[in-house]
Amino acid sequence: MTPLLEIRGLRAEIAGRKILQGLDLKVDAGEIHAIMGPNGAGKSTLSYVLAGKPGYEITGGEILFKGEDLLAMAPDERAAKGVFLAFQYPLEIPGVATVTFLRTALNAQRRKRGEEELSSPDLLKRVRELARKLGIDPEMLRRPLNVGFSGGEKKRNETLQMALLEPLLCVLDETDSGLDIDALKIVANGVNALRASERGMIVITHYQRLLDYIVPDVVHVLAAGRIVKTGGKELALELEATGYAQYQNVAA
Ligand SMILES: Nc1ncnc2c1ncn2[C@@H]1O[C@H](COP(=O)(O)OP(=O)(O)O)[C@@H](O)[C@H]1O
Ligand SMILES: [Mg+2]
C-alpha cells in the first residue's frame with residue numbers, strides 16, 4: 001500500500017544554512033507519529049517545508065503525499081489535498097470572525113477540489129455541532145480569529161479547524177512552546193478525537209509531557225537534521241530519562 005507520507009533523503013537550507021540533512025520518514029494512514037529532538041534539530045523546519053513556507057531551499061530528496069510529489073504543489077493545493085499544518089503561534093486576524101475564517105478556509109479547499117461550496121447556514125450548523133462535541137463555547141466563533149485568545153482557546157480553535165477540514169495528514173508543531181497543561185490536554189484531546197484509519201498525524205514536541213496524553217504508534221528522534229532513531233512509545237519515556245545528549249553526538 002502507498003504510504004500516506006514518505007520523505008526520502010530530504011535536504012533543506014535556509015539563508016545558506018543546511019538544516020535538514022538527509023531526512024527519511026514514512027507515515028501510514030491510521031498512525032500517530034511523534035517527532036522529538038533537541039532544540040535547533042530542524043523539527044520546525046520540517047513542518048515549514050511540509051507546509052511550503054517560502055524561504056526554504058530544497059537541495060535534495062523528495063516528499064511523496066499519497067504517492068504524489070508534495071514539493072511540486074503550491075501551499076493551497078497541499079491543503080486541498082488534505083495536508084493540515086498547525087503552528088505554535090497561530091495567525092491572528094483582527095476584524096475576521098472565527099466562523100468567517102473557518103468558512104473561507106473550508107470553501108477555498110472545496111472549490112480547489114471542484115466541490116460545491118457550503119452555504120453559510122450549513123457551515124454554521126456544522127461548526128456549531130463540532131464545537132459542541134469538542135466542548136468549545138460557541139461565543140468564541142464570533143470573536144476575531146485568535147485575537148486575544150488564551151493559549152487554550154487558540155488550541156481549541158485549532159482543533160475545531162482540524163475537525164472541520166477533515167485533513168488526511170495533520171502536522172502539529174508544539175515544540176518548545178509555553179503550553180500549559182490545560183492547553184496540552186486540549187491538543188491531545190483534539191488529536192485523539194481525530195485519530196482515524198484514513199488519517200495520519202505527526203506531533204512534533206521537544207518534551208515528553210504531551211505524550212502523556214497522546215499515545216503515539218511511532219516515536220522518532222530528530223537530531224542535526226536527520227531521523228536518528230525510531231521506536232515505539234517507550235522511546236519517548238527513555239528520552240525523558242536520558243535526554244538528547246547521546247543523539248547530538250550521533251548526529252554530529
Ligand atoms: N531564518 C533562519 N535563518 C537562519 N537559520 C535559521 C532560520 N530559521 C531556523 N534557523 C536555524 O535552523 C536550525 C533548526 O531550527 P528549527 O527547525 O527551528 O529547530 P527546532 O524546531 O528543532 O528547535 C536552528 O539552528 C536555527 O537556528
Ligand atoms: Mg521548533
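Just so you know, ligand 1 is whichever comes first in the structure, and atom 1 is the first atom listed for that ligand.
- Using a 4.0 Å cut-off to heavy atoms of Asn39, the atoms of ligand 1 that qualify are 23 (O).
- Under a 3.5 Å cut-off, the side chain of Tyr244 and the backbone N or O of Gly37 do form a donor-acceptor pair.
- The N/O atoms of Ser44, backbone and side chain alike, include one that comes under 3.5 Å of an N/O atom in ligand 1.
- If you check the side chains of Asp212 and Gln208, you find a donor sitting under 3.5 Å from an acceptor.
- In this structure, Arg110 contributes its side chain and Glu116 its backbone to a donor-acceptor pair below 3.5 Å.
- Across Leu46, Ile19, Ile14, heavy-atom proximity to atom 4 (C) of ligand 1 is greatest for Ile14.
- When atom types are taken as modelled, the side chain of Asn107 and the backbone of Leu118 share a donor-acceptor pair closer than 3.5 angstrom.
- Counting heavy-atom neighbours within 6.0 Å of Glu198 CD, excluding the residue itself, gives a total above 12.
- Using modelled atom types and a 3.5 Å distance limit, the side chains of Arg142 and Thr98 yield no donor-acceptor pair.
- The shortest heavy-atom distance from Gly42 to ligand 1 is under 4.0 Å.
- A 6.0 Å sphere centred on CZ of Arg113 holds more than 12 heavy atoms belonging to other residues, nucleotides or ligands.
- Of the N or O atoms in Ala41, one or more lie within a sub-3.5 Å distance of an N or O in ligand 1.
- Note on Thr45: not counted as a metal contact of the Mg ion (ligand 2), no N/O/S atom lying under 2.8 Å.
- Rounded to the nearest 0.5 angstrom, Cys170 SG and Arg195 CZ are separated by 12.0 Å.
- Close approach of ligand 1 to Thr45 is summarised as follows: ligand atoms under 4.0 Å from at least one heavy atom of the residue are 14 (C), 15 (O), 16 (P), 17 (O).
- In Arg17, the part holding a heavy atom less than 4.0 Å from any atom of ligand 1 is the side chain.
- Remark: ligand 1 and Gly40 share an N or O pair separated by less than 3.5 Å (distance only, no angle test).
- Not a single heavy atom of Gly225 lies less than 4.0 angstrom from ligand 1.
- Less than 4.0 angstrom separates some heavy atom of Pro38 from each of these atoms of ligand 1: 22 (O).
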